[in-house]
Participant: 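Take a look at the following structure, please.
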Amino acid sequence: MNTLLSDFLQKPAFVVAPQLLGCILEREINGQIIRVRIVETEAYDQSDAASHSYKGPTLRTEIMFGEAGHLYVYFTYGMHYCCNIVTGKKGTGAAVLIRAVEPLDGLEYMHDLRPVSGVQVSNGPAKLCQALAIDKALNGHDLTELPLKLVIQKPLAARLITQTTRVGISQAQDSLWRFYITGNEYVSKL
DNA sequence: TGCCTGATGTTCT
DNA sequence: GAACATCAGGCAC
């Protein structure tokens, strides 16, 4: 594990989540590189009734309790994948859900995987997984290496970040743990 | 434009 | 057997 990335991610999820805004994800598929910028995140940890890790580690969630900097991919609603970046110290069960990304390079490959127009290609957690071909095969993947690599960028100014309650969940709805880049068109409107 | 619902698989109780 | 961190399409307004 890259020390810089490890240091960056070994903080609580609600600290890492806003700092991941603006960071780059590089996805390699069949030798082609797709680059996207993270524009919306949500923090989850074990104290959080909405988190998969709330009830302690299980076969499915053990990745969340592992080392920071790995990818936790889960399948939901019978047809969708969502991806999280594991954060915090080992055993804390914390992760940051990637809710939306903005394409930078390789948009044509994303369209091959998800043939829709405009921001629809990646303005939702399950959408971006489809557009980047992220599925269970990448569960537990180390984000310092291709085919999926996290590239840290300088933190954005606080004034560019909006902090709100989370969406699409039924528990702990009043925690202000959702973060997005103010005004970015790829942020999900839900 | 906005609400409602069906499609689906994995996990946990 | 029910819940689920969703999405897209259909329908009413």
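Side chains included, hydrogens not; waters and symmetry mates left out as well; all remaining heavy atoms used.
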Participant: Counting only pairs under 3.5 Å, give me each side-chain donor-acceptor contact of residues 107-115 of chain A, with atom names and distances, residues two or more places apart or in other chains.
Facilitator:
from, atom 1, to, atom 2, distance (Å)
A:Y109, OH, A:Q32, OE1, 2.8
A:H111, ND1, A:V116, O, 2.9
A:R114, NE, A:Q120, O, 3.0
A:R114, NE, A:V121, O, 3.3
A:R114, NH1, A:Q130, OE1, 2.8
A:R114, NH2, A:Q120, O, 3.0

Participant: Hey, does A:Q120 reach any base, or is it just sugar-phosphate, or nothing, if we go heavy atoms under 4.0 Å?
Facilitator: sugar-phosphate
Participant: Any chance you could encode DNA chain C as dot-bracket? Rule is Watson-Crick or G-U wobble with both distances under 3.5 Å; [ ] for pairs crossing earlier ones, | for another strand.
Facilitator: ||||.|||||||.
Participant: Decide, yes or no, whether a salt bridge links A:K149 with A:E26 under the criterion of side-chain N to carboxylate O below 4.0 Å.
Facilitator: no
Participant: Would you kindly give the NZ-to-P distance between A:K136 and B:dG9, to the nearest whole Å?
Facilitator: 13 Å
Participant: Can you tell me the distance, in whole Å, between the CD atom of A:Q173 and the C1' atom of C:dA5?
Facilitator: 11 Å
Participant: Please evaluate residues A:Y81 and A:I134 with respect to the criterion side-chain contact (heavy atoms from CB on, under 4.5 Å), reporting the C-alpha separation (whole Å), side-chain torsions for both, the decisive distance (0.1 Å), and the verdict.
Facilitator: CA-CA 7 Å; A:Y81 291 101; A:I134 293 171; 5.6 Å; no
Participant: Under 4.0 Å from any atom of DNA chain C, heavy atoms only: list the residues of residues 124-132 of chain A that qualify, in numerical order.
Facilitator: A:G124, A:P125, A:A126, A:K127
Participant: B:dT11 C1' sits how many Å from A:I63 CD1, rounded?
Facilitator: 15 Å
Participant: Could you state whether A:V86 and A:L9 fall into the same hydrophobic cluster, counting links through intermediate Ile, Leu, Val, Met, Phe, Trp or Tyr residues with side-chain heavy atoms under 4.5 angstrom apart?
Facilitator: no
Participant: Among C:dA5, B:dT10, B:dT13, which is the nearest nucleotide to the side chain of A:K55?
Facilitator: B:dT13
Participant: Mapping A:T76 and A:P57 to their closest nucleotides on DNA chain B, which lands nearer the 5' end?
Facilitator: A:T76
Participant: Taking for each residue the nucleotide of DNA chain C with the nearest heavy atom, is it A:V116 or A:A95 whose nucleotide lies nearer the 5' end?
Facilitator: A:A95
Participant: Rounded to whole angstrom units, what separation is found between the OH atom of A:Y81 and the P atom of B:dT10?
Facilitator: 7 Å
Participant: Please determine which of A:V187, A:V36, A:N184, A:N123 meets the side-chain contact (heavy atoms from CB on, under 4.5 Å) test together with A:E102.
Facilitator: A:N184
Participant: Indicate the ring-plane relationship of A:F14 and A:W177, choosing parallel, tilted or perpendicular according to the 30° and 60° boundaries.
Facilitator: parallel
Participant: So that I can tick it off, tell me whether A:E67 and A:K89 are bridged by a salt bridge, with the cut-off set at under 4.0 angstrom between side-chain N and carboxylate O.
Facilitator: no
Participant: Return the nearest nucleotide to the side chain of A:R60; candidates are B:dT8, B:dT11, C:dC4.
Facilitator: B:dT11
Participant: Between the base of B:dA7 and the side chain of A:Y77, is there any donor-acceptor pair under 3.5 Å?
Facilitator: no
Participant: With a sphere of 6.0 Å drawn around CZ of A:F75, does it hold more than 12 non-hydrogen atoms of other residues, nucleotides or ligands?
Facilitator: yes
Participant: Could you state the CG-P distance from A:L59 to B:dC12, rounded to the nearest angstrom?
Facilitator: 7 Å
Participant: Within 45 degrees of the ring normal and closer than 6.0 Å to the centroid, is that where the cationic atom of A:R166 sits relative to A:Y44?
Facilitator: yes
Participant: Can you check the A:H80 NE2 to C:dT6 C1' distance for me, whole Å?
Facilitator: 4 Å
Participant: Just how far, in rounded Å, is C1' of B:dT8 from CE of A:M79?
Facilitator: 5 Å
Participant: With a 4.0 Å cutoff (strictly under), does any side-chain N or O of A:H52 reach OP1 or OP2 of B:dT11?
Facilitator: no
Participant: In sequence, state the C-alpha distance, the side-chain angles, and the governing distance for A:L138 and A:C83, and then conclude on side-chain contact (heavy atoms from CB on, under 4.5 Å).
Facilitator: CA-CA 9 Å; A:L138 284 171; A:C83 67; over 6 Å; no
Participant: Quickly work out the A:Y54 OH to C:dC4 P distance and round it to whole Å.
Facilitator: 13 Å
